[in-house]
Amino acid sequence: MEKIVFGPKKLPGFVCGPKGKPGILVIQEWWGVTDIIKGHAQQLAEQGYRTLIPDVYNGKIGISKEEASHLMGNLDWPLAVDQLCDAVAYLKDEGSPKVGAVGFCMGGALSLAAGQHCGINAAVSFYGTPAKELCQPENVKIPVELHGGELDESKGFSDKDTMAAWAEACSGAGGQATFYLYENCGHAFLNHGEEAVAKRKLMGFPEPSKEVQDRAWSRLYAFFGEHLM
């Protein structure tokens, strides 16, 4: 994985995978660009993609949930979407014929917004939806997937009803949205490893099964394989 600076705003980021392959933006959770997010990017790169993590916090990391909440609360969301569009341009300039996006928590909301504003080919959100003023589901016309946990309690953002309603509004307006709900899971269920377990414990989220995580990864691989390869 290589650290880079890209775009007119000189945003830091990380890239991995071969240049010229289909590109995927991998967008951070509210914690920042952690090893968990880098691991997700590496895992997708191993599937034959060029992945780019745009660091919309400019190197800052939230160690505690209070710090993470402060960073996300102070995020300039429209500017972050512009930065994602710069990241898409970077991948296309490198030779990626198609570009998609996947995000987690805060990044899931940003991924869907990139689907409306950044000219990508497909977008995926794990447990996150954008504010209406940033992105309107009826205006997202590319294929999208949303993945949520049955026990997610982030009301109005990533709970099952909010995620399902977003997908329904998108598809009802002629879009192509699919929502997958995972049993006995809460927020951040895709993350694996010791850091992920510690963060779920810190936040009071239930621990997911490996079978659920593998099922979500399989769906993600299939979705990008269909729309980016």
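- The cluster map of Ile, Leu, Val, Met, Phe, Trp and Tyr, joined by side-chain heavy atoms under 4.5 Å apart, puts Met106 and Val26 in different clusters.
- Contact record, Trp166 with Pro130: NE1-CD, 3.7 Å, taken as the closest heavy-atom pair.
- Scanning all heavy atoms of the two residues, the minimum distance from Val88 to Cys118 falls at CG1-O, 3.7 Å.
- Within the model, atoms CD of Glu94 and CD1 of Ile4 stand 7.0 Å from one another, a figure rounded to the nearest 0.5 Å.
- Other residues, nucleotides and ligands contribute only 12 or fewer heavy atoms inside 6.0 Å of the NZ atom of Lys201.
- Within a 6.0 Å radius of CD in Glu168, other residues, nucleotides and ligands contribute 12 heavy atoms or fewer.
- The number of heavy-atom neighbours closer than 6.0 Å to NZ of Lys199, taken from other residues, nucleotides and ligands shown, is above 12.
- Under a 3.5 Å cut-off, the side chain of Tyr57 and the backbone N or O of Met72 do form a donor-acceptor pair.
- Here the side chain of Ser218 pairs a donor or acceptor atom with the backbone of Asp214 at under 3.5 angstrom.
- A salt bridge does not link Arg219 to Glu145: none of the charged nitrogens lies less than 4.0 Å from a carboxylate oxygen.
- The closest side-chain heavy-atom distance from Cys135 to Val140 is below 4.5 Å.
- In this structure, the side chain of Asn121 engages the main chain of Val99 through a donor-acceptor pair within 3.5 Å.
- The distance from atom CD1 of Ile37 to atom CG of Asn191, rounded to the nearest 0.5 Å, is 6.0 Å.
- Asp76 contributes atom CG, which lies 8.0 Å from atom CD of Gln83 (distance to the nearest 0.5 angstrom).
- Environment of CD in Glu183: crowded, with over 12 heavy atoms of neighbouring residues, nucleotides or ligands closer than 6.0 Å.
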Output, in order, the C-alpha distance, side-chain angles, deciding distance and verdict of side-chain contact (heavy atoms from CB on, under 4.5 Å) for Leu190 and His147.
CA-CA 10 Å; Leu190 192 70; His147 300 257; over 6 Å; no
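- Taken from SG in Cys16 to CG in Leu44, the straight-line distance is 8.5 Å, to the nearest 0.5 Å.
- In this structure, His40 has its ring center closer than 6.0 angstrom to the ring center of Trp217.
- The two residues Gly62 and Leu71 make their nearest non-hydrogen contact at N-CD1, 3.5 Å.
- Residues passing the side chain to side chain contact (heavy atoms under 4.5 Å, CB included) test with Ser154 are Asp152, Phe157, Ser158, His187, sequence neighbours excluded.
- Contact of the Glu153 side chain with the Phe205 side chain is not registered, since no non-hydrogen atoms from C-beta on lie closer than 4.5 Å.
- Ion pairing of Asp86 with Lys9 is present here, as a side-chain N (NZ or NE/NH1/NH2) and a carboxylate O approach within less than 4.0 Å.
- A donor-acceptor pair is defined here as one N or O able to donate and one able to accept, closer than 3.5 Å; such a pair exists between the side chain of Ser111 and the backbone of Ala101.
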Starting from the C-alpha separation in whole Å, work towards a yes-or-no answer on side-chain contact (heavy atoms from CB on, under 4.5 Å) for Ile36 and Trp31.
CA-CA 10 Å; Ile36 291 171; Trp31 304 104; over 6 Å; no
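- In this structure a side-chain-to-backbone donor-acceptor pair under 3.5 Å is missing from Arg50 to Leu91.
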Test log, rule side-chain contact (heavy atoms from CB on, under 4.5 Å), inputs Val124 and Phe224
CA-CA 9 Å; Val124 180; Phe224 280 143; 3.8 Å; yes
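- Using modelled atom types, no side-chain atom of Glu29 and backbone atom of Gly107 make a donor-acceptor pair closer than 3.5 Å.
- One N or O on the side chain of Lys141 and one on the backbone of Ala173 form a donor-acceptor pair closer than 3.5 Å.
- We find the OG1-NZ distance between Thr51 and Lys21 to be 14.0 Å, quoted to the nearest 0.5 Å.
- Transitive grouping of hydrophobic side chains (ILVMFWY, heavy atoms separated by less than 4.5 Å) keeps Val56 and Ile61 in distinct clusters.
- For Lys38, the NZ atom is densely surrounded, since the number of other residues' heavy atoms within 6.0 Å is greater than 12.
- Taking each heavy atom of Ala167 and Phe179 in turn, the nearest pair found is CB-CB, 3.9 Å.
- The two residues His227 and Ala122 come nearest to each other via the heavy atoms CB-CB, 3.9 Å.
- Side-chain N or O atoms of Ser171 include none that pairs as donor or acceptor with a backbone N or O of Gln176 at under 3.5 Å.
- Residues Lys98 and Tyr49 are not in side-chain contact: their nearest non-hydrogen atoms beyond the backbone lie 4.5 Å or more apart.
- Criterion: ILVMFWY side-chain heavy atoms under 4.5 Å apart, direct or through other members. Under it, Val212 and Phe126 are part of a common hydrophobic cluster.
- In the hydrophobic clustering of this structure, Ile27 groups with Leu52; members are Ile, Leu, Val, Met, Phe, Trp, Tyr whose side-chain heavy atoms approach within less than 4.5 Å, directly or through other members.
- Side chains of Phe223 and Thr178 form no contact here, defined as non-hydrogen atoms less than 4.5 Å apart.
- A pairwise comparison of heavy atoms in Pro54 and Leu84 identifies CG-CD2, 3.6 Å as the closest pair.
- Distance check, rounded to the nearest 0.5 Å: CD1 of Ile53 to CD of Gln28 gives 9.0 Å.
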Between Thr129 and Leu146, is a side-chain contact (heavy atoms from CB on, under 4.5 Å) present by the stated rule, with each step listed?
CA-CA 9 Å; Thr129 57; Leu146 294 87; 4.2 Å; yes
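- There is no side-chain donor-acceptor pair under 3.5 Å between Tyr182 and Glu211.
- With contacts defined as side-chain heavy-atom distances shorter than 4.5 Å, the pair Gln42/Phe14 does not qualify.
- Residues Tyr221 and Leu228 share a hydrophobic cluster, clusters being chains of Ile/Leu/Val/Met/Phe/Trp/Tyr side chains in contact below 4.5 Å.
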